[in-house]
Amino acid sequence: MSKKQSNLLIEALKTQKEIFGDELYTKIDMNIKNIAENIEPPAINKEPEEAPVISIKLSNDYNDNEIKKPEIKLSGFDLSFQNAKTLEELDSQINSCTRCALGNTRTKFVFGKGNSNADILLVGEAPGAEEDKSGEPFVGRAGKLLTDILKAIDINREDVFIANILKCRPPNNRTPVPDEVATCIPYLKKQIDLIKPKVILCLGVTAANGLLNQKNSLIKMRGNVYEFHGVKLMVTYHPAALLRNPNWKRECWDDVQKFKKLYLELINS
Ligand code: URA
């Protein structure tokens with residue numbers, strides 16, 4: 001396979017990953033089977049008329065077979081952060097965290113930023129390179145697009161709170177692994193307890209699956225209203241995915257219109 005073909009394949013797989021998460025299902029295709037190195041051929045199916053479904057591993061950093069639902073693992077950790085009364089207090093209690101290995105590779109801990117009384121909480125995946133350097137969420141190109149998306153529905157970035165599932169950057173911006181999510185998510189939950197938002201918008205499949213503790217595709221989740229500890233939650237594309245696939249902006253526009261409608265209903269009820 002030429003370099004160009006392999007780049008095309010990688011782009012196509014990234015695109016699929018944005019909407020399906022870590023599990024990518026596809027009908028088997030002999031061409032793909034021949035060129036994708038780490039695809040295990042499926043066992044011969046008992047129902048030959050059905051095209052077999054295979055799962056492709058997209059992250060190099062962990063084995064897909066080991067993916068399990070993140071569980072909240074609190075035992076053995078210092079839980080005093082649970083007593084924090086303000087976001088500032090919480091930040092100072094957790095920002096030197098080394099509960100997972102990312103604590104040793106990060107430059108800065110990215111606590112999140114915004115209005116501590118916000119009605120709207122936006123949740124992304126994890127800090128990228130720019131955020132790791134600056135200590136603030138969504139400051140790169142994806143962050144600029146996020147600001148524009150909010151403006152399009154008449155919402156100022158300063159009025160919302162923006163946080164991530166993970167507070168530290170995974171090396172090479174790889175997808176967070178379930179253990180990292182399970183370890184870090186109590187911090188986000190505490191932030192939610194303190195902020196008490198009326199609505200949460202998850203940016204991308206990792207944020208939604210992390211908060212809802214499930215493994216669903218973006219396609220299935222878009223447009224639905226979920227509940228997280230009594231707070232309404234919706235899901236749309238991650239802005240970085242929109243930068244890679246501008247065709248999805250139209251769908252994101254639909255999502256954020258619905259989100260705005262839900263928000264207005266909630267604040268006016
Ligand atoms: N992507 C995210 O998910 N979060 C950030 O803070 C930046 C990029």
Side-chain angles (χ1 to χ4, degrees), residues 14-15 17-22 58-59 61 70 87 90-91 94-95 97 100 102-103 105-116 118 120-150 155 157-178 180-185 187-189 191-192 195 197 200-212 216-218 221-222 228 233-246 248-249 252 255-256 259:
K14 272 190 190 160
T15 300
K17 182 173 182 266
E18 296 296 347
I19 47 180
F20 292 113
D22 290 317
L58 286 176
S59 165
D61 297 275
L87 288 178
L90 178 63
D91 187 5
I94 64 177
N95 65 19
C97 176
C100 81
L102 302 182
T105 53
R106 68 164 178 250
T107 309
K108 288 202 172 157
F109 182 93
V110 182
F111 178 78
K113 194 175 174 201
N115 178 350
S116 52
I120 298 176
L121 172 69
L122 302 186
V123 180
E125 181 173 311
E130 301 280 324
E131 292 76 19
D132 179 61
K133 258 190 245 150
S134 68
E136 293 189 7
F138 283 99
V139 288
R141 277 179 70 222
K144 164 132 195 7
L145 178 57
L146 179 59
T147 309
D148 291 343
I149 292 170
L150 290 173
I155 293 173
R157 186 173 165 139
E158 297 69 43
D159 294 337
V160 305
F161 196 92
I162 305 178
N164 284 304
I165 292 283
L166 294 192
K167 309 295 185 218
C168 301
R169 182 192 183 203
N172 302 319
N173 299 343
R174 65 155 165 73
T175 306
V177 300
E180 291 162 355
V181 174
T183 306
C184 208
I185 220 157
Y187 295 154
L188 179 58
K189 290 192 168 152
Q191 286 177 302
I192 295 172
I195 298 167
I200 298 174
L201 182 62
C202 287
L203 306 167
V205 74
T206 305
N209 281 336
L211 267 184
L212 297 172
N216 222 334
S217 72
L218 192 71
M221 287 187 277
R222 283 187 52 240
F228 176 80
L233 179 155
M234 291 188 78
V235 188
T236 191
Y237 291 95
H238 192 289
L242 299 176
L243 291 172
R244 279 196 293 275
N245 301 281
W248 289 340
K249 283 187 181 171
C252 177
D255 295 345
V256 294
F259 177 75

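Atoms within a ligand are numbered from 1 in the order they appear, just like the ligands themselves. Every value quoted in this text rests on a predicted model; they were computed, and no experiment measured them.
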Close-range residues for ligand 1, whose non-hydrogen atoms fall below the 4.0 Å threshold: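 Only G124, E125, A126, E131, P137, F138, N164, H238 have heavy atoms that fall under 4.0 Å of ligand 1, ordered by chain and number.
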For the backbone of [Y] and the side chain of [X], can you confirm whether one donor and one acceptor N or O come within less than 3.5 Å of each other?
X	Y	value
R157	G143	yes
E158	N115	no
D132	T107	yes
E131	R169	no

NZ/NE/NH1/NH2 to OD/OE distance under 4.0 Å, E130 and K144: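 Result for this pair is no, no salt bridge flagged.
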Residues forming a salt bridge (Lys or Arg N to Asp or Glu O under 4.0 Å) with D255, sequence neighbours excluded: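 Residues passing salt bridge (Lys or Arg N to Asp or Glu O under 4.0 Å) with D255: R222.
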